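Both counts, for ligands and for their atoms, begin at 1 and track the order of listing. Along the sequence shown, the residues carry numbers beginning at 1. Being a predicted model, the structure only gives us computed values, none of them experimental.
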Amino acid sequence: MRISHARLAPLAAAMVTLAAAVGVAPLVAGPAAAAQGCQIDYRPNEWPGGFTATVRVAPGDTPLSAWTVIWTYPGDQRITGAWNAVVSQSGTTVTARNAAWNGSVPAGGATEFGVQGTVGPAAPAPTGFTLNGVPCNGAPPAPTTAPPSSPVPTSPSPTTTPSPTPTLPPPTGCGSAVLCDGFESQTGPTPAGEWSVVRPDCAGAGTAAVDTGTAHSGTRAVRIDGAGGYCNHVFVRANRDLGTLGAVRYGRFWVRHTTALPADHVTLLAMTDAADGNRDLRMGGQNGALQWNRASDDATLPEQSPAGVALSVPLPTGRWSCLEFLVDGGTGQLRTWLDGVAITGLTADGVPTHDLDGQWYNRTWRPQLTDLKLGWESYGGAADTLWFDDVALGTTRIGC
Ligand code: CA
């Protein structure tokens with residue numbers, strides 16, 4: 001049974017906007033004359049219980065095509081939001097990666113990003129600033145600035161696109177992805193900050209939570225308890241405005257689930273399509289195999305004939321799987337990989353093929369996606385428990 005949505009998903013919220021914080025802005029970073037000439041200036045605005053900080057990244061005489069800045073908070077500062085960078089925190093270590101639009105910094109140039117957070121009584125200045133693994137500001141190498149022996153198992157080398165290591169936070173290999181989140185900065189029981197829990201169509205018994213017991217990387221993932229029966233929809237939606245990403249978007253997320261995909265139609269990924277009346281482009285399952293579904297007309301990829309379903313694959317249960325997709329809004333094409341393997345049945349190549357993408361191209365399809373939602377929609381009796389982790393969205397393929 002397939003039932004299309006009756007209501008529209010709200011558009012993704014704008015990026016984090018900060019309340020203006022008054023006060024002085026002391027320059028915390030140390031003097032110049034740093035190794036490799038890089039300078040990281042951290043300028044906080046603090047008030048009881050909270051802070052914002054502007055971070056200026058100056059590479060010195062080495063131009064950058066991508067950057068990762070890492071520092072340590074000696075106190076109890078906790079990042080809750082960021083702008084112009086993708087920022088995560090693991091313990092006292094903060095990792096900030098460039099956004100899609102500010103990875104390139106010329107020699108002698110600089111770029112800025114910002115963070116906001118909460119803090120208790122102890123708020124000593126951050127230390128150990130590194131830029132792409134190189135200590136900056138002339139600071140002596142702190143424990144977190146020596147990658148070979150670092151207790152913080154990140155690999156800040158965007159130019160080498162390392163593969164993620166399942167037990168290490170935060171996700172690696174994101175390159176210049178505009179969104180790259182392993183949920184390690186989540187501090188409460190419910191997804192917040194960069195994410196919102198949404199029920200675009202109707203609410204029931206489905207729940208979304210931050211799980212510290214099951215994770216693909218680090219210690220946190222999003223857990224979705226998807227209930228059976230119609231209208232138990234629940235998603236976590238990225239708050240970032242993803243409508244600016246452009247026509248070609250690659251996505252990558254890790255998912256683990258409990259119950260085999262049912263015969264009924266279910267959804268685990270939904271993205272609002274501004275070119276389709278803000279109806280969702282959905283990935284999920286039907287007849288036991290993965291499928292794409294267009295909410296506006298209920299077209300499926302592959303077609304749900306036995307031959308079509310046989311071109312797709314089930315989603316393994318009881319282990320983490322890497323799902324990747326390419327949506328090309330310019331040419332109206334779609335690609336999908338499971339654990340790095342392209343899935344024929346989840347491929348729309350622009351030429352209608354019976355059993356495969358014949359139904360998909362029953363009309364011109366040029367999607368303009370504006371958000372990203374991970375969760376669960378059941379349109380029949382199927383229930384499932386799912387975990388999502390290491391989510392990334394960018395303009396080039398990210399990899400697993
Ligand atoms: Ca994680």
### Message
Going by salt bridge (charged side-chain N to carboxylate O under 4.0 Å, His left out), name the residues that satisfy it together with Asp355, two or more places apart in sequence or in a different chain.
### Response
none

### Query
Does any N or O in the side chain of Arg279 come within less than 3.5 Å of the main-chain N or O of Arg294, such that one atom is a donor and the other an acceptor?
no

#### Entry: Parallel, tilted or perpendicular: rings of His233 and Tyr379 (30°, 60°)
perpendicular

### Task
Would you mind listing every salt bridge (charged side-chain N to carboxylate O under 4.0 Å, His left out) that reaches into residues 301-313, with sequence neighbours excluded?
none

### Message
Just by distance, no angles: are the side chains of Arg335 and Gln333 close enough, under 3.5 Å, to form a donor-acceptor pair?
### Response
yes

### Query
How would you list, by chain and number, every residue that makes a side chain to side chain donor-acceptor pair (under 3.5 Å) with Trp292, sequence neighbours excluded?
Thr336

### Task
State the count of protein N/O/S atoms located less than 3.0 Å away from the Ca ion (ligand 1).
6

